[in-house]
2 protein chains.
Amino acid sequence: MTTIDEVAQLAGVSPATVSKVLNNRPYVSAEKRALIERVIAETGFVPSQRARGLSKRRSYIFGMLIPYTSNQLFADPHLLECIRGIEDVANTHDYNMLLSTARAPAEAASACVRLLRSDVIDGAIVLETIDLQPFTEVLQQHDAPMVAIGYAQGTALHAIHADDYGGALSAMHYLLSLGHRRIGIVSSVLRPFALEERLRGVRVALEARGLCLNEQLIALGDFSSISGEAAGRALLAQPEPPTAIFALNDRMAIGVMRAARELNISIPEQLSVIGFDDIPTASMATPPLTTVRQPGFALGDTAANVLFALLDGSMPPPAAVIPTELIVRGTTAPPLH
Amino acid sequence: MTTIDEVAQLAGVSPATVSKVLNNRPYVSAEKRALIERVIAETGFVPSQRARGLSKRRSYIFGMLIPYTSNQLFADPHLLECIRGIEDVANTHDYNMLLSTARAPAEAASACVRLLRSDVIDGAIVLETIDLQPFTEVLQQHDAPMVAIGYAQGTALHAIHADDYGGALSAMHYLLSLGHRRIGIVSSVLRPFALEERLRGVRVALEARGLCLNEQLIALGDFSSISGEAAGRALLAQPEPPTAIFALNDRMAIGVMRAARELNISIPEQLSVIGFDDIPTASMATPPLTTVRQPGFALGDTAANVLFALLDGSMPPPAAVIPTELIVRGTTAPPLH
DNA sequence: ATGCTATAGGAAACCGCTTTACTATCCACG
DNA sequence: CGTGGATAGTAAAGCGGTTTCCTATAGCAT
C-alpha cells in the first residue's frame, strides 16, 4: 500500500505539498504539481480515508436506515429508485452509503446513535417507516445531519416527501371529471402518514363536489398485489359496486385488475382503476395502468442533497415536497350509460 | 465528544490502560478495570472507529456489491433474506455493511478496488449477477477478502451458493414419481449459472428415467410473475399440453398458476406446479405452492462467515454449498387419466 | 537599498486510538 | 538472599493523512 510519504519521497517533496495537491489547494508551483500528479498516477496511490477522516473529522460515509419490517416495502421498486437517487448524489460528493436495517423500531435510533458516536457515519437518511420519535432525542444530543424520507412531523428532522395529497387529489379530480360517482378506495390497515395524506386528498376532492367518502367503499390491503386482489373482489362483490377504484398503491391496483378480470369485469369499460407510485410494471400491465407518478429518483436525490447541505453547514429548507404527476394510461374511462 | 484521554484523566490512569479495558486485555487490576468501566458508562464514551481503524488497519466495514440491474432481483424476497443473514453475522462481529450498487458491470470491479485501496472497506461480498471476471484481477493485486454469492467459476473468489442442481433434481424426481411424463419447464432468457445448474438437475432427472428434455416444453421468462404467466399460457396452449410445470423460480410459478386459473385448468388436479426459492408468498398462494426451498438466510449467513474467516486469516473451504429442500404443498398431484 | 506582500515549500503538531517497549512490584524458588 | 518470571501500569512511538506555522524567495513600490 503506497502512502503519502512514499509519494512525497518519489517526487522529492514533502508530504505537506502532496497533501496540497490531493486537496487541490494553492501554493504549489505548476511543475511540482504536475510532477506529483505523475507520481500519484504511476504508483496508483489512493489516500486512505481512515487517516484522512481522522484529521478532517469526517468519515465520508452516511447511514441509510431502513426498517427491516419493510420487507415488502424494500421490495417496492419505488424504494429502489429512491436509493438510486441517493447514491447518485452521494457519488458526486465522494460519499459512501452504509446500509443499516433495524429489526425493532427502538433499535433503529440507538443503532444510529452508535454509528454517529463511533464516527462511523457523518449523518443519516432515515425512512419514515421507522418510528422517528426516538430520533428527536438523538438529534438534540447530537445535532447530526439527518433527513427523513417521509413526513416527520414533530421530530425536528428534515423531511422530504412526495406530494401525496396533491397526487390523490388530481387522481380523484380526474375520475370525477370522467363522471364517476361511486368510487372505491383500496387503502391499507397499516397507515403511514403518506397514506393519510392520500386519503385526505381523496376526501377533499369528493367534498369539492359535495360528495363524501363512503365507508362502504373502502377496502383494506397491505400494499401487496395479493391483498389488492382480495380488496378488489370485496368491493366488486357489493350489491352496488363502484364504477371506479382508486388503489393507494400500484401493486394493490394491479391486484384489483386481477380481481376484475376474474370476475369478467372489463377494464376500463366497466371499471376504471387508478394506482399510485408508477412502478415499472404499471405501464406493462394490460391495459397499462393509469396512476399517479411518485418520482422516486427525485425523492432520493433531494433527500441526499439536503443531507449534504446540512453536512456543509448551509441551512436547507426544513421540508421539501416533490411534486407528483397523474399519468393517464389505459385503465380509466367514463362510466357506462 | 469524549475521547480516550478524557476517560483516562477522569479515571486517573493512562490512556493505554483504558485501551486495555476497551479491548479487554489482561494486565489491568480488577479495581482499575471497574473504575474505568464506570467512567466509560458515565461519560457514554464510545471509541472512534476512525482512530481505532487507523492503528488496527481495519475499517470494520465490508462492502456489499449488488448490480443495479438487479432491479427485479433486488426486489426478490430471497435476496432480502440473504442480506438479513449477512447483517446478522456482521453485527456479531461488530462490522457494518456498505452498500454499493454498480450500474455498469465493469464499474463494479473498479469501484470495489477504489473502496479497498482507500481503506473504506476490509473486504466484500459480491452478488454473482455482477460480472465476476474483472474481480479476479482485483484479487490478484489485492488479495482482499472477497466472497461471491453464486457460482464463481474461474475467478478464485470464494463462492457460496445453494444446491440448485440437487433442488431441481429432487423436484423432478418428485414429479416423475407422481407419474408425470410431460413436464413443462419455465426457464429464463437471462441465464445466471444457478439457472444452468437447475436445468442440469432437470436433465439428469429425466435421463435417469430414460427421458430427455423436450425443447417444445421449455418456455422462457424473466423471473417476474408476469413473464411466468405468459410462459404458462404458452405451454398450456400447446396441442398436447404438459401435465406438470416446473418453474425455475417462485414468482414465475405464481404466474403459471395465474395462467392456469384463467384457462380454467385446475391445480393440482389437471396441472401440477412446482416453483423454486420458497418466497413468502409461495405458501400464501391458493393452493399453496410446492417448491424447492432455497435458504436465503443461511446463504447470507455462511457467506458472511466465510468472509470473516478470510478476514481473520483462517482458511475457509473454497466453496460452500447450501442444501435446498423440496417443500411439498398443494400444487402437486398425480396426473389425471 | 529598504520594506512589504504574495507565493512556494517544508517541519512538526495533531486527529484519537493501539501497541510496543520499558519500569516497577510482587511472589516463588533454589 | 539473589534471581527470574509473572503482573500492573505508563510513556511514547506509530497509523496516514491534514493543517498550522514558519522560513525563504521573488516581485514590487517607495
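Values reported hereafter were calculated over all heavy atoms of this structure, with side chains retained and with hydrogens, waters and symmetry mates removed.
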Colleague: Is A/Glu87 paired with A/Arg84 through a side-chain N to carboxylate O contact shorter than 4.0 Å?
Modeller: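 No, no charged N to carboxylate O under 4.0 Å.
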Colleague: Rounded to the nearest angstrom, tell me the gap between atom CD1 in B/Ile36 and atom P in C/dC17.
Modeller: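 It is 14 Å, rounded to the nearest whole Å.
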Colleague: Rounded to whole angstroms, how far apart are CZ on A/Arg58 and C1' on C/dG16?
Modeller: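 One finds 18 Å between C1' of C/dG16 and CZ of A/Arg58, rounded.
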Colleague: Where along nucleotides 10-16 of chain D does protein come under 4.0 Å, by heavy atom, of base (B) or sugar-phosphate alone (S), with - for untouched nucleotides?
Modeller: BB--BBB
Colleague: Walk me through whether B/Thr302 and B/Phe297 qualify under side chain to side chain contact (heavy atoms under 4.5 Å, CB included).
Modeller: CA-CA 9 Å; B/Thr302 56; B/Phe297 189 89; over 6 Å; no
Colleague: Can you find a side-chain donor-acceptor pair between A/Asp119 and A/Ser59 that sits under 3.5 Å?
Modeller: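 Per modelled atom types, A/Asp119 and A/Ser59 side chains form no pair under 3.5 Å.
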Colleague: Kindly give the heavy-atom pair with the smallest separation between B/Leu307 and B/Ala124, and that separation in Å.
Modeller: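 What the structure gives for the nearest pair is CD1-O, 3.7 Å.
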Colleague: Can you tell me how far P of C/dC17 sits from CD of B/Gln49, to the nearest Å?
Modeller: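 Going from CD in B/Gln49 over to P in C/dC17 covers 10 Å.
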Colleague: Can you name the closest pair of heavy atoms from A/Arg58 and A/Tyr95 and give their distance?
Modeller: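 Smallest heavy-atom distance, with atoms named: NH1-OH, 3.1 Å.
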Colleague: Which atoms of nucleotides 24-26 of chain C (N or O only) lie under 3.5 Å from a protein N or O atom, and what are those distances?
Modeller:
none

Colleague: Hydrogens and angles aside, do B/Thr43 and B/Glu6 bring a side-chain donor and acceptor to less than 3.5 Å of each other?
Modeller: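 Result is no, nothing qualifies.
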Colleague: Return the value, rounded to whole Å, for the distance between atom CZ of B/Arg25 and atom P of D/dT7.
Modeller: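 After rounding, the gap between these two atoms is 15 Å.
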Colleague: D/dT19 P sits how many Å from A/Leu22 CG, rounded?
Modeller: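 Going from CG in A/Leu22 over to P in D/dT19 covers 11 Å.
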Colleague: Please indicate whether B/Arg114 has more than 12 foreign heavy atoms, meaning atoms of other residues, nucleotides or ligands, lying under 6.0 Å from its CZ.
Modeller: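 Open: at most 12 neighbouring heavy atoms sit under 6.0 Å from CZ of B/Arg114.
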Colleague: Got B/Arg33 and B/Asn24 here, is their nearest side-chain heavy-atom distance under 4.5 Å?
Modeller: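 Answer yes - side chains close enough.
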